[in-house]
Each structure stands twice: as structure tokens, then as C-alpha cells.
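Reading through the C-alpha cells given below for one structure.
First the proteins, then the strands, lettered A, B, ... as listed; each starts at 1. These numbers come from the heavy atoms of this one structure, side chains and all, not from hydrogens, waters or symmetry mates.
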2 protein chains.
Amino acid sequence: MKLTSKGRYAVMALVDLARFNNINPVSLRDISLRQGISLDYLEQIFSKLKKNEIVKSIRGTQGGYVLNKNPNDIKLTNIFHAVDEKVKTVQCKKESKKGCNGKATKCITHNLWDELEIHINTFFENKSLKDLLNNNKETRV
Amino acid sequence: MKLTSKGRYAVMALVDLARFNNINPVSLRDISLRQGISLDYLEQIFSKLKKNEIVKSIRGTQGGYVLNKNPNDIKLTNIFHAVDEKVKTVQCKKESKKGCNGKATKCITHNLWDELEIHINTFFENKSLKDLLNNNKETRV
DNA sequence: ACATACCTGACTAAAATGGTCAAGTTTGGA
DNA sequence: TCCAAACTTGACCATTTTAGTCAGGTATGT
Ligand code: FES
Ligand code: FES
């Protein structure tokens with residue numbers, strides 16, 4: 001049960017972006033250098049963030065990326081969804097009535113994993129980029 | 001971020017075991033058939049559960065496995081630990097002061113992932129086999 | 001003695017992960 | 001005008017992890 005680096009990097013990059021967002025667009029090259037993430041990999045990630053309207057791009061020299069929403073409105077849920085980092089605890093297809101072992105009913109632990117999934121997702125829904133910014137300035141204003 | 005089948009099967013098998021535990025030892029063959037889990041795979045899993053003193057084995061004909069503790073004292077944490085299903089959200093080594101990218105300090109999202117890890121582990125610590133049994137008999141006595 | 005069931009370790013096919021690489025297009029500025 | 005910075009797209013790939021299988025054992029109740 002581990003977090004993939006795609007999800008981890010996406011959040012890391014967005015926190016970085018949000019910090020420098022005020023004045024100019026932020027280039028991936030800068031984020032790459034500051035956070036130690038491969039530039040090519042960041043490009044894949046931002047391509048998805050853009051499709052999901054979490055960031056906007058500005059091309060050309062002095063270009064870069066800008067947040068497309070208020071940091072308060074960008075939940076971890078949104079970010080993870082954008083980069084396909086999904087929480088998957090059950091093995092079966094949820095919408096089906098069949099169980100994970102191919103049987104006709106859900107297995108004896110299905111409800112447990114479902115609870116777990118909700119538990120984790122709740123965490124993601126209650127965290128926004130804003131929270132992370134405040135958190136990292138050590139003390140709130 | 002997904003649960004592996006080793007962890008899922010371990011819990012599934014133990015719930016099954018706990019249900020039939022009262023009278024006789026339960027053979028892996030039975031669990032295999034009832035839960036639709038490969039027998040050879042179950043053997044690997046139970047080998048670990050035994051090493052961690054969660055179950056006891058009884059060899060020979062009519063043999064099988066028996067719980068080694070009260071269902072109330074077997075937390076999901078214990079089970080997962082036994083089969084090496086671990087929650088890993090940070091990339092760095094926790095005890096080190098270094099960050100995940102090889103830098104000298106922890107990255108800007110480290111605290112977040114640490115919080116997440118605690119959040120998930122709390123769930124596992126608050127669930128025992130007993131809870132799962134009750135839960136599956138639909139209604140409590 | 002023999003079938004049942006535990007025990008152990010090696011092995012492997014397939015999937016996921018964590019990237020790299022190559023070849024663009026767009027645009028601001030010297 | 002021309003160049004370099006920066007975004008864009010898509011293919012490619014090595015390594016690791018997962019989810020098992022397989023082949024041999026050993027112990028024991030009947
Ligand atoms: S996890 Fe859904 S049926 Fe087993
Ligand atoms: S996750 Fe610990 S430093 Fe980045």
C-alpha cells in the first residue's frame with residue numbers, strides 16, 4: 001500500500017508553483033531544479049494537470065504555468081484524480097454484484113476495504129493546496 | 001495507492017478461520033475452496049502468520065490452523081505487519097534528516113505524507129478480527 | 001502404510017512504476 | 001529576423017513488484 005511518485009510529485013510541484021505564483025508564470029525547469037524532479041517527467045504530469053484545468057500554460061520565452069484556481073479550491077482529491085493516482089482497496093468491480101473471487105456475492109472483507117477507501121479519501125478531500133502553503137510557512141499569519 | 005492481494009487475502013483467510021475456529025482446526029484447503037484463494041499462495045501467507053504468532057498449526061490428518069489469540073486482540077495492524085503489507089507514503093527514509101530528492105532537508109510535502117500515513121494506520125489499529133466477525137453476521141447478538 | 005495437511009524454497013509471467021528520449025510548436029526578445 | 005526558452009506530444013524502456021506456480025519435502029491420525 002504505497003503512494004506512487006506521480007501523485008507525490010504532482011502535489012510537490014503544485015505547492016512549489018503556488019508559492020511563486022504571485023508574480024510571474026513558473027517554468028517547469030525551475031520547479032525541476034528546486035524540487036529535484038526530472039523535467040521530462042514533470043511535463044507528463046503538468047500535461048494532465050492542464051487537461052483537468054488545475055493549471056494554465058503560457059507558452060514562449062518567460063512562459064510557464066500558473067494556477068487556474070484559488071489554492072483554497074484545489075483539493076488533494078482533485079490533484080490525484082487529475083494524474084490518475086487513485087485509491088484502490090477492493091479487488092472487485094464496485095458497481096458489479098459479483099465478488100473479487102468471481103463468486104456471485106461480495107467477499108467477506110469487501111465492506112472493510114470499502115470503509116478503508118472512504119477513510120483515505122476523506123483525508124484527501126479535507127486538504128487543499130492552501131492548507132499546505134500555510135503549513136509550510138511554519139506559522140500562520 | 002492500492003492494497004496488495006497478500007494483505008487482502010491474509011485478512012480474508014483469517015476471518016474465515018475465525019468463523020470456523022470454535023470446534024476443529026481449519027485446513028488451508030477449506031479456506032482455499034471457500035474463499036477462492038490459491039492453496040499454494042495461502043501456504044506462503046500462513047507461514048508468515050505463524051511466525052508472527054497469530055495462528056498455530058496442527059499437523060497431520062484432520063490438522064489445520066487455529067487462532068493463537070483472541071480475535072479481539074488481533075488488529076489489522078498485526079496482520080499486515082506479519083505479511084509485510086506496509087503503508088508507505090513518504091519516499092525518504094524516515095529516520096534520516098535527508099529529503100526524498102537527496103537534498104539535505106525534508107521536502108515540502110513530507111509532513112503531509114507523514115500525516116497521511118498516520119491517518120491510514122489509525123484505521124488499521126482500530127479494527128480487530130472481532131469487529132469483522134460481528135460486522136459480517138449482519139447484526140450483533 | 002497411507003492419505004491428509006503442513007512446510008519450504010525456488011522459480012516466473014505479467015503488470016506497474018518511474019522514468020528517458022526524440023521531435024516537434026509557440027512566442028518574446030535581442 | 002532569428003534564436004532560445006518553454007510548452008507539447010507520444011513513443012519507448014529498464015527495473016521492480018506482484019501474484020502467483022511448482023516441486024519437493026515432513027509430520028501424524030486412522
Ligand atoms: S473486495 Fe469486493 S468482493 Fe472481495
Ligand atoms: S517524502 Fe520525506 S522528504 Fe520528501
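When heavy atoms are screened at a 4.0 angstrom cut-off, Y65(A) is found touching the sugar-phosphate backbone but no base atom.
Comparing K51(B) and T4(A) against DNA chain C, the residue whose closest nucleotide sits nearer the 5' end is K51(B). Taking the nucleotide of DNA chain D with the nearest heavy atom to each of Q44(A) and Q91(A), the more 5' of the two is matched to Q44(A). For the pair V26(B) and Y41(A), both in contact range of DNA chain C, the more 5′-proximal nearest nucleotide belongs to V26(B).
Panel note: side chain N126(A), backbone T122(A); a donor-acceptor pair is recorded below 3.5 Å.
Taking the six-membered ring where the residue is Trp, F80(A) and W113(B) present parallel rings, their angle staying beneath 30° rather than reaching 60°. Using bins of under 30°, 30° to 60° and over 60° for the plane-to-plane angle, the ring pair F46(B)/Y65(B) lands in the tilted bin.
Atom CD in E85(B) sits roughly 13 Å away from atom P in dG20(D) (whole-Å rounding). Atom CZ in R8(A) sits roughly 7 Å away from atom P in dG18(C) (whole-Å rounding).
With salt bridges taken as basic N to acidic carboxylate O contacts below 4.0 Å, none links K6(B) and D84(B).
Every residue meeting the ring-ring contact (aromatic ring centres under 6.0 Å, His included) condition with H119(A), not counting sequence neighbours, appears here in chain and number order: H119(B), F123(B).
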For V11(A) and E85(A), run side chain to side chain contact (heavy atoms under 4.5 Å, CB included): C-alpha distance rounded to whole Å, both residues' side-chain angles, the deciding distance at 0.1 Å, then the answer.
CA-CA 11 Å; V11(A) 176; E85(A) 170 89 47; over 6 Å; no
Report all interatomic pairs (protein N or O, nucleotide N or O of nucleotides 27-30 of chain C) with separations under 3.5 Å.
unit_1	atom_1	unit_2	atom_2	d
dG28(C)	N3	T61(A)	OG1	3.4

